[in-house]
Amino acid sequence: LTSALLKDSSKHLKKKNDGKRRVRMARIFFPQFRRGKEGIKISKGTILEAARKLGVEIISECGGRGQCGKCIIRIEKGKESLNPPTEIEKRFNLGENERLACQAEITGNKDIYVFIRSAGKFSILSDTLEDKVNINPFVIKKEGKVVLNGEIIDEERGKIYGLAIDIGTTTLVFQIVDLETGERITTFAEKNPQASYGDDVISRIDYTMREKEGLKELQRVIINRINKALKEINIKKGEEISNKIYEVVVVGNSTMRNIFFGINVSSLGVIPFEPQNKEPINQRASYLNLKVNPQANVYGVPLIGGHAGADALADIIVTEIYKQKKVSMIIDIGTNGEVIIGNKDKIFTASCAAGGAYEGATVTSGVGAIEGAITNVKITDGEINYKTIGNKSPVGICGSGLIDLLAELLKNKIMSKTAKIKENFHITDSISISQQDIYELITAKAGLRLDQDLLMKYYGVTLEEIDKIYLSGAFGNFINVNNAILIGLLPPAREKIVKIGNGALAGARQILISQEKRKEAQEIVKKIQEIKG
């Protein structure tokens, strides 16, 4: 009897399980992305969460809390498989079939086709200064072996390579370098995939604090993207270049560097905004699951402190202001802005949230440096002329275009000297700037300019006594300097301004190929004084 009951019970369970297997899950497709064309099966959660699982980047400045309104998507098919628009979505001016990815939840099982408004190829600066250093890496070939700091880590197999990585809040850039010659073998540049967890460091710090596995997830996302890029390079080159990478140097602001190494960043979100670890880091690649040679050393450049990180130190290394008698200034404008002033005697630095508004955040028609972004604006006799990235149809206006627009509005007396406009100014029918947008841009500008003025005051020099003003980063490289001076973003000293391209990446590369530069970085960082507001 017992046997019969068990057999009957087993049949019943099998029927129930068979029934569960027949329930169809929704499949979400992101046709704009190679990795999104096959879609992903999902039964619950939001479109934003599905995109994260698939590795598709959707801009979400607020980290998916429905506050920024930037994660706009268009549902081409399958809207019946989603919840109705939420009260949060109704506060934003969404078009037909548009939703916020963080609010659109899967409720049905029909396939969903999603197009992302902000998707597009980013224009990311990877150009740097030439290296004027003696090539003397920590990894060498000796008697048929590959040796790192005196330790044999591999048999010699031809070339030996290094990897310099600059992890920006918005961008991810790296270069593979021949450690014997200093030659740059290849460069990779893309939007930082962590952007879908929040566009600024505070949002990402908050994510690590709210989510139990948040820190591991952000670390995994960035390392996985590097690994995928290395695999693509191997295929393109037709050889396993990545397995001959024996040292990696990583720079980034304090949050980005420490997330990469899996270090808790919660202390950077609360007063006094200090990182738990500022020291240089050395870890094996295998420990981080970084797909280079497993025995490779991964070196984290030390942090200055607070939000002045390894990227700012890299700028200092490249410009060599620490060797000069005359005082110079470095301005690195990104999502987070750093201002540095100093010479061989002393160096001061300060940081602020500088680039958010100028990178499209909090500005109605603002976008990042993607294809179709308006980069240059000129108003002549009431006629508006502009250029876009890739000569594509305009989709919005990025930082360099916003600076030009403010300057042109001022020159043409459309905006008063007190930054007031009578009505929204339209560049195209759908792309405009409002008074509120101008206030956001002024606030962002004020923080960066205040840092410049206060550092000169604390240092005890005037603008006339500054020898050079170095502009680092993509933003500084692409802006019209005269217009930036006109609106007060940069000091009125055009003849002193020198653009150095991606100073952070150049610094990382020099610290990779030169033992002297690495030692200098570790000594200099101890002498830099961070000024906090």
**Study point:** Polar contact flag, side-chain donor to acceptor under 3.5 angstrom, N83-R99
**Key:** yes
Review point. CD1/I160 to CG/D154 distance, rounded to the nearest 0.5 angstrom?
Key: 11.0 Å
**Study point:** Under 3.5 Å donor-acceptor, S514 side chain and I511 backbone
**Key:** no
Check your understanding: Would you say the side-chain atoms of Q276 and S267 include a donor-acceptor pair closer than 3.5 Å?
Key -> no
Point to revise | Ion pair E155/K142, N-O distance below 4.0 Å | key: no
Practice item. Considering only NZ, NE, NH1 and NH2 on the basic side and carboxylate oxygens on the acidic side, decide whether D206 and R65 come within less than 4.0 Å. Key: yes
Point to revise | Ionic contact status for E76 with R74, cut-off 4.0 Å | key: yes
Exercise for review: Tell me, with the steps shown, if K212 and E217 meet salt bridge (Lys or Arg N to Asp or Glu O under 4.0 Å).
Suggested key: CA-CA 10 Å; K212 185 178 179 182; E217 189 172 352; over 6 Å; no
Point to revise | Distance-only donor-acceptor check, side chains Y299 and Q283, under 3.5 Å | key: no
Exercise for review: Indicate whether the side chain of D315 and that of S472 have a donor and an acceptor atom separated by less than 3.5 Å.
Suggested key: yes
Check your understanding: With no hydrogens and no angle check, do the side chains of Y246 and N297 hold a donor and an acceptor under 3.5 Å apart?
Key -> no
**Study point:** Under 3.5 Å donor-acceptor, D166 side chain and A504 backbone
**Key:** no
Review point. Parallel, tilted or perpendicular: which fits the ring planes of F188 and F174, with parallel below 30° and perpendicular above 60°?
Key: parallel
Check your understanding: Are any side-chain N or O atoms of N227 and backbone N or O atoms of N289, one a donor and one an acceptor, separated by less than 3.5 Å?
Key -> yes
Check your understanding: So, T171 and N192: side-chain donor and acceptor under 3.5 Å apart, yes or no?
Key -> no
Point to revise | Side-chain ion pair, K141 and E180, N-O less than 4.0 Å | key: yes
Check your understanding: Judged by modelled atom types alone, do N277 and N258 share a side-chain donor-acceptor pair under 3.5 Å?
Key -> no
Check your understanding: Below 4.0 angstrom, N of the basic side chain to O of the carboxylate: do K159 and D178 qualify?
Key -> yes
**Study point:** Residues E98, K79: salt bridge by 4.0 Å N-O rule
**Key:** no
Exercise for review: Taking E49 for its side chain and T46 for its backbone only, find out whether a donor-acceptor pair lies under 3.5 Å.
Suggested key: yes
Review point. Which residue pairs pass the salt bridge (charged side-chain N to carboxylate O under 4.0 Å, His left out) test with at least one member in residues 233-245, sequence neighbours excluded?
Key: E239-K244
Check your understanding: What closest approach, in Å, do A312 and I304 show between heavy atoms, and which atom pair accounts for it?
Key -> CB-CD1, 3.8 Å
Review point. If you measure only the distance, is there a donor-acceptor pair under 3.5 Å linking the side chains of N480 and S400?
Key: no
